[in-house]
2 protein chains.
Amino acid sequence: MEERVTIRELARRSGVSVGTVSRALNGYADVRPETRERIMRLASELDYTPAAAARSLVTQRSHVIGVFMETGEGHPDLQHPFFHEVLGGLKQRVGREGFDLLLFASERPGGGYGPHSYLKRARHHSVDGCALIGLDPDDSEVRRLVRGEIPCVAIDMQLEGPNTEVVMSDNEAGAAEAVRHLHGLGHRRIATITGMIDSRPGVDRLRGYRNAIQELGLAYRDEYVRYGDFYAESAREATEKLLALPEPPTAIFAAADLMAIGAVRAAAEAGLSVPADLSVVGFDDIQLAPHVNPPLTTLRQDKLGLGAAAGDALVARIAGDPERPQLRTLPVELVVRGSTAAP
Amino acid sequence: MEERVTIRELARRSGVSVGTVSRALNGYADVRPETRERIMRLASELDYTPAAAARSLVTQRSHVIGVFMETGEGHPDLQHPFFHEVLGGLKQRVGREGFDLLLFASERPGGGYGPHSYLKRARHHSVDGCALIGLDPDDSEVRRLVRGEIPCVAIDMQLEGPNTEVVMSDNEAGAAEAVRHLHGLGHRRIATITGMIDSRPGVDRLRGYRNAIQELGLAYRDEYVRYGDFYAESAREATEKLLALPEPPTAIFAAADLMAIGAVRAAAEAGLSVPADLSVVGFDDIQLAPHVNPPLTTLRQDKLGLGAAAGDALVARIAGDPERPQLRTLPVELVVRGSTAAP
DNA sequence: TTGTAGGCGTTATCAT
DNA sequence: ATGATAACGCCTACAA
């Protein structure tokens, strides 16, 4: 059983006090060059590793960012590819700044007392900040968290708190652009399948759709908006119904790529082919979008960028910079591929 | 600025010593019921939250599992859907046992001294165990990590260490089953697109393919095995070449769903339709598999199960149970959908 | 049953 | 430039 080599051990072996060792290691100016040199060498020889717990206990900084990430009912944890890519961006960004990510998994961390609570879990680990991904913004525990003293950033959810920021894509503009693209191709009967309508992206994309329809002088038809949940299956069913309409749409804007894929699938099952018989545009530009058949025309969210922006926000706030916008919106980009064509 | 309520505060307010408070909170037997009651109530009133750092400093247990997860060259972090699902399984499983996950992001945690090193990062945070996902098993730092004192579990990679276990799917059997399925359908010219051949799953699936070809009395043809990298694009190119062969295959076993999707795409581009002109079977059963067009016939890996098995292994080893197999193999299951048919 | 005190590994504040 | 020494918040013998 190797004993952990501590700062005391270094002090003993190098014949100085622990205080000096600490200063040497942390690059303080007031330590004689040769002393520092000696200590540094010894540290690397012994492969000394500082204990984060001890350090954070005294500095009150853990250099850890907590991540709360779950997805809705019936869609077990961590399932939507979109979130993962965002997480990747976050990871990269905060990593560069010396932070690690704590993915909260347990509701009673450490087998500890009492039930869970977001705030409690975050405090328990003394995280310096929190990223909220795919949570329900109306959850009272989430609200308590963002009202607390810990800097938070919410991705794709509307949330307010003294120390929290929100980052999301410009969903409304993107949706409108989707419709305009379809219209430009010559489509006039354009339907939409929405995301979960109790989520900010869900309503924003629907709003964008409506605005564009109106702005283009198209008739708004109730039967052309179907409610989905961001996942494939819901869109498949919705598309079935859409296609069964007396006057079916010639194009569908699905508020997520997963749903666009579901729509394509439903079309195929109905004997229709995309884009020949039906155009479909998605939203997200998930990794698979270019690879499915046909390749998806979609609105690209800058997923890494969202994660990075979230990381930025946290790092800045943790550093004590309060001058930050409450909401940060990232542009989306239309990517035209094979799932859309003239009617 | 709210002051953190500590155990001392609880002691002061409840008129007992910190020792008693600690014992009460941790459910020791030797504390008078009414005393405990009083303390517990006070704790919950004040919303007391223990500090993980302080506790782990003294107990030498952090209740945190470190996760190292990256993917190969040119495929930025966290990209392969397979890994995410595994992570989900791991998260669930260890969460139930009171562990959280630390997703290592920084190479110089805490802005600390010296360069990174897996082992160092793990020690720095005093994680109780480590999960290794999508790493290069030949990396010398990875090897150092698994030779260390920290319990490790490697997913989908071959690795040996005194305190490490490996979990993976039965890739060989699965690949063989894919070939047999195709053969049963009547196919005789069956090609394969491999995964990265320097990875254990990559070679195992290739081996399974070879075994089955042989066992079925089919001729093994060199030109029928193409090397891919588990991602879509590589399979698309491979398929192009396969289809350009003087005697092209009538079926392809792609060693990953992403590659199967790439293959389907290439077929479409060549004017062929799946499964009418070409059968394709994948591996993984990613979330999208049932939703793409056509729905993928594939070998389902129990991704949540892999994550859970990994969690199990870690939790048990952390608890000090050494009686464990070094390698744990999970069965895969053939899922027949729409991408395969008789030739 | 409860209090006291030492220690976990660091950093930080004083002196010196 | 360096050494003591006191925190940080908690657990756990050992005493009482």
Side-chain angles (χ1 to χ4, degrees), chain A residues 2-40 43 46-64 109-113 120 123-126 128, chain B residues 2-40 43 46-63 109-113 120 123-128:
Chain A
E2 307 247 339
E3 289 306 320
R4 185 186 235 288
V5 19
T6 82
I7 205 174
R8 267 225 310 272
E9 175 76 2
L10 289 185
R12 206 177 52 72
R13 297 235 215 181
S14 60
V16 296
S17 74
V18 295
T20 304
V21 174
S22 175
R23 282 178 301 236
L25 259 20
N26 289 27
Y28 280 49
D30 55 353
V31 43
R32 192 177 343 137
E34 46 199 81
T35 310
R36 151 171 297 128
E37 171 65 15
R38 186 159 36 99
I39 294 177
M40 296 291 255
L46 268 47
D47 198 36
Y48 164 73
T49 308
R55 181 185 283 175
S56 84
L57 201 52
V58 44
T59 61
Q60 305 286 29
R61 285 245 153 295
S62 62
H63 283 278
V64 167
Y113 352 92
K120 208 153 185 164
R123 283 183 177 157
H124 178 240
H125 282 288
S126 311
D128 291 341
Chain B
E2 307 247 339
E3 289 307 319
R4 186 187 234 291
V5 21
T6 82
I7 205 176
R8 267 226 307 273
E9 175 76 3
L10 290 187
R12 205 176 54 71
R13 297 234 215 183
S14 61
V16 297
S17 75
V18 294
T20 303
V21 173
S22 175
R23 282 179 300 239
L25 259 21
N26 291 30
Y28 279 48
D30 55 354
V31 42
R32 196 184 333 144
E34 45 199 84
T35 310
R36 150 171 300 126
E37 170 65 17
R38 185 158 38 98
I39 295 177
M40 295 291 254
L46 268 46
D47 198 34
Y48 164 72
T49 308
R55 179 186 286 178
S56 84
L57 202 52
V58 44
T59 60
Q60 305 286 29
R61 285 245 155 295
S62 63
H63 284 277
Y113 354 94
K120 210 154 185 161
R123 283 184 177 157
H124 178 240
H125 282 288
S126 311
V127 297
D128 291 341

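Numbered from 1 within each chain, the chains take letters A, B, ... in sequence-line order.
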Minimal heavy-atom distance between A:His125 and B:Ala52, with the atoms involved, is ND1-CB, 3.9 Å
Does D:dC11 have OP1 or OP2 under 4.0 Å away from a side-chain N or O of B:Arg55? yes
Nearest-Å distance, CG (B:Leu25) to C1' (C:dT2)? 16 Å
Taking all non-hydrogen atoms of both residues, which atom of B:Ser62 and which atom of B:Val127 are closest, and how far apart? OG-CA, 3.5 Å
Is there a donor-acceptor pair under 3.5 Å between the side chain of B:Arg123 and the backbone N or O of A:Arg4? no
Rounded to whole Å, how long is the line connecting atom NE2 of A:His124 with atom P of D:dC10? 9 Å
CZ (A:Arg13) and CG (A:Leu46) are apart, to the nearest 0.5 Å, by 4.5 Å
Phosphate OP1/OP2 of D:dC8: any B:Arg8 side-chain N/O under 4.0 Å: yes
Grab the CD1-P distance between A:Ile7 and C:dT10 for me, whole Å please. 6 Å
At under 4.0 Å, does any side-chain N or O of B:Ser22 touch on OP1 or OP2 of D:dC11? yes
Rounding to 10°, can you tell me the angle the first-five-pair axis of the helix from C:dT1-D:dA16 to C:dT16-D:dA1 makes with its last-five-pair axis? 40°
Rounded to the Å, how far apart are B:Ile39 CD1 and D:dC11 P? 12 Å
Less than 4.0 angstrom between a side-chain N/O of A:Tyr48 and OP1 or OP2 of C:dG9, yes or no? no
Over all atoms of both residues, closest heavy-atom pair of B:His63 and B:Asp128: N-OD2, 2.7 Å
According to a strict under-4.0 Å criterion, is B:Tyr28 in side-chain N/O contact with OP1 or OP2 of D:dT12? yes
Tightest non-hydrogen contact, residues A:Ser17 and A:Ala11, listed as C-CB, 3.8 Å
Check: protein-nucleotides 1-7 of chain D nitrogen or oxygen pairs below 3.5 Å:
residue	atom	partner	partner atom	Å
D:dT2	OP1	A:Arg32	NH2	3.1
D:dT2	OP1	A:Thr35	OG1	2.8
D:dT2	OP2	A:Arg32	N	2.9
D:dT2	OP2	A:Thr35	OG1	3.4
D:dG3	OP2	A:Ser17	N	2.7
D:dG3	OP2	A:Ser17	OG	3.1
D:dG3	OP2	A:Thr20	OG1	2.7
D:dG3	N7	A:Arg23	NH2	3.1
D:dG3	O6	A:Arg23	NH1	3.0

A:Asn26 atom CG is separated from C:dA12 atom C1', nearest whole Å, by 11 Å
For the pair made of CD in B:Gln60 and C1' in C:dG7, what is the distance, rounded to whole Å? 11 Å
Which heavy atom of A:Tyr48 sits nearest a heavy atom of A:Val5, and at what distance? CD1-O, 3.2 Å
Integer-rounded Å distance: D:dG9 C1' and B:Glu9 CD: 13 Å
Rounded to the Å, how far apart are A:Leu57 CG and C:dA12 P? 12 Å
With a 4.5 Å limit on heavy-atom distance, are the side chains of B:Ile39 and B:Arg36 in contact? no
Exam field: side chain A:Arg23 to backbone A:Asp30, donor-acceptor pair closer than 3.5 Å: no
